[in-house]
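Indexing begins at 1, ligand by ligand and atom by atom, following the structure's order.
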Amino acid sequence: MTDTLTQPTDRLQWFREARFGMFIHWGVYSLLRNGEWAMNADSISVKDYLELARQFRAEQFDADAWARTAKRAGMKYMVLTTKHHDGFCLWDTKTTGFNAAKIGPRRDVVREFVDACRRHGLRVGLYWSWVDWNYPDWAKEFIWSDLNQWRRPFADPAKHERMVKYLHAQVRELMTHYGPIDVFWFDGGFLTAEQYRSRELLAEMGRLQPQMLINDRGGVPGDFGNPEGLMPTEGSARAWELCQCSAAFTTWTVPFDDLALFAPSSELLGLLSDAVALGGNLLLNFGPQADGAFAAPSLEQLQVIGAWMRKNKEAIYGAQAGPTGRQEWGVSSQKSEVRGQKSEGGVTVYLHVFRPAEKLAVRGFASRVRSARLLETGRAVRFSQKGANLVLALPSTRMLPQVVALEFDETPRFEPEGIRQRLDGSAILTANQAALRTAHADGKPALFLSPDALGGRIMGWKRVEDYVEWTFRVDRPGRFRPSFEFNQPESLNCYGRRLEMAVAGQAVRASVPLSGRHGQYARYPMAGAFRLARGTHTLTLKPTVLDPGILMNLRAVILEPES
Ligand code: GLC
């Protein structure tokens, strides 16, 4: 770890360089298969939940194994849920008997976790929630109420003060019992900073742990932002970390008997590339099984991620946002000086290529490329550059994204060109580049873009009047066969999901089939073709029939020249 994480001159330096961490959601709720909100979602009483806590034995819990797994996957830090909303504390606390040292595992899980992270050279992060469904007064008054009620303190100020003291005492224990902590990760703040007396607490935390970073859910902005699920659309100067689930992109515990729900590793790597390309971190969540072991599908995901990281880490650790933004081929990160390489004023740009080609055209660089190399093999990549046209000769690979390091003598300028044909004549119209035509008749946002390095996803397609369109340029005219890349895991009757694609006065129709599992994208070749002349065209994609449900999540439309 010391080779990549240099001595911090400012507190955030290690965090900005680390780029990749592991989030762990683990607790009594891991026994149920209904997420970490199960106590609330399934209306489980405090008494029944206590019974459940007794069955939470953590037989296989081995903090060293967790740390080794995270490290092998290329993560530089870990964040553990020391207490989620259910109030069960994973440490030996004096504030409540509802803790892992006294009930269930009968071990101080936080101690074992912190020690293991340190032994394996990982930075230590503690997640802790303000919400506490087990705290007696709170449980009595609020637990089953509407979430809006949670935004009110107790009517009785004495009760409120007692709870705030209890919450502060928990944080104080975490700050004083386990040595230096690197990140404190607040969650579940329903009340205001004043009501929690956050400033006072954070000032004390700063005195106790002067190096520690604090996220933005403590009631004040803290040291870094924590977008959840969705990437910020553009890089920001402030440090940020996207937290994201690895199972179905929706649940923080793993549905371990449903293998179909695990996100493909390539999608997870796409999130990592995208976060780094925008100057942020990815905190990727895994929810171990109740016994403490990682579920087999999680281990498979982590193994693929680790193999990729071993080859491509240079483009991740210490890398900054790249110059290209999101392009049809992928995204980019950059570094102004690469260790061991003498390049005064030189800049290395890493292209994270998700849609490679034997001859890949990267249009828009207004600076000369000095050399190009593929990180997977370490070998030089043949290239030619004419004006803004850079053409790379890429070997085929199964390890996506393929990362190409381009050396420049200076900070390169990049001027994006609109959508053009690739060298093989195809045109890829990605979700990232689409214009969304969505009516907000009922005032609610409908169709939206979830942008990412893989082309993005158009989601929320529930209304027949919503459609998307792209404008693109054809330089080599001819006949083109259309297909779309989509995700549709719901086995609805496909007669209820029909669409029409139209361009240059011609239309092709299809119904949307199943794509397989959640998060998995398939390509559907439509029957028919378009004849396109040289020039600029606008292609529209519209539903014609849309029964209850979602048309699909759309990643791209691809036009291939007919051979
Ligand atoms: C969401 C979930 C919460 C989870 C958190 C992680 O807010 O409701 O349970 O811990 O995301 O960021």
Side-chain angles (χ1 to χ4, degrees), residues 15 20-44 49 52 56 70 75 77-91 109-110 113 125-135 138 142-151 167 170-171 174 183-191 196 213-232 239-255 261 263 268 271-272 275 280-288 290 298 450:
F15 183 76
F20 195 20
M22 181 187 275
F23 206 176
I24 292 214
H25 274 66
W26 190 59
V28 175
Y29 47 78
S30 307
L31 282 163
L32 306 167
R33 296 176 184 198
N34 204 11
E36 72 289 352
W37 279 66
M39 179 179 179
N40 176 278
D42 296 349
S43 304
I44 303 173
Y49 204 76
L52 204 62
F56 174 58
M75 283 119 169
Y77 60 108
M78 291 181 92
V79 179
L80 169 68
T81 49
T82 63
K83 182 193 88 172
H84 208 273
H85 309 344
D86 64 0
F88 189 73
C89 297
L90 291 183
W91 77 98
V109 170
V110 172
F113 167 77
L126 305 181
Y127 163 111
W128 175 88
S129 174
W130 295 101
V131 176
D132 199 315
W133 298 328
N134 186 69
Y135 183 79
W138 206 91
F142 292 118
I143 188 165
W144 311 128
S145 63
D146 180 85
L147 292 202
N148 284 323
Q149 301 295 320
W150 298 11
R151 298 182 205 287
L167 294 172
Q170 291 196 334
V171 175
L174 292 170
V183 176
F184 199 82
W185 219 99
F186 281 108
D187 192 27
F190 281 86
L191 299 182
Y196 284 131
L213 305 177
I214 302 181
N215 76 341
D216 63 356
R217 299 185 190 181
V220 293
D223 297 302
F224 63 92
N226 251 147
E228 189 167 306
L230 267 187
M231 202 75 73
W240 58 268
E241 173 199 68
L242 172 80
C243 55
Q244 181 59 281
C245 319
S246 55
F249 298 115
T250 54
T251 160
W252 299 89
T253 58
V254 300
L261 286 180
L268 301 176
L271 285 174
L272 176 62
N281 289 15
L282 175 68
L283 184 65
L284 188 58
N285 181 75
F286 290 85
S298 298
S450 171

So, [X] side chain and [Y] main chain: donor-acceptor pair closer than 3.5 Å or not?
X    : Y    : value
T82  : L90  : no
N226 : E241 : yes
K83  : W128 : no

Shortest protein contact, [atom] (heavy atom only):
atom                    : result
atom 5 (C) of ligand 1  : D187 OD2, 3.5 Å
atom 8 (O) of ligand 1  : W37 NE1, 2.9 Å
atom 2 (C) of ligand 1  : E36 OE2, 3.6 Å
atom 11 (O) of ligand 1 : E228 OE2, 2.7 Å
atom 4 (C) of ligand 1  : H25 NE2, 3.4 Å

Non-hydrogen side-chain atoms of W26 and H84 separated by less than 4.5 Å: no
Number the atoms of ligand 1 from 1 as they appear, then name those within less than 4.0 Å of a heavy atom of [X], with their elements.
X    : result
R217 : 12 (O)
W185 : 12 (O)
H84  : 3 (C), 4 (C), 9 (O), 10 (O)
C243 : 12 (O)
Y127 : 10 (O)

Residue pair T253 / H25, side-chain donor-acceptor N/O under 3.5 Å: no
Whether Q244 lies under 4.0 Å from ligand 1, heavy atom: no
Close approach of Y29 to ligand 1, heavy atoms, under 4.0 angstrom: no
Distance, nearest 0.5 Å, that separates CG of L52 from OG of S30: 10.0 Å
Nearest-0.5 Å distance that lies between atom OH in Y196 and atom CH2 in W130: 6.5 Å
Residue that, paired with D86, satisfies side chain to side chain donor-acceptor pair (under 3.5 Å) out of Y49, W133, W37: Y49
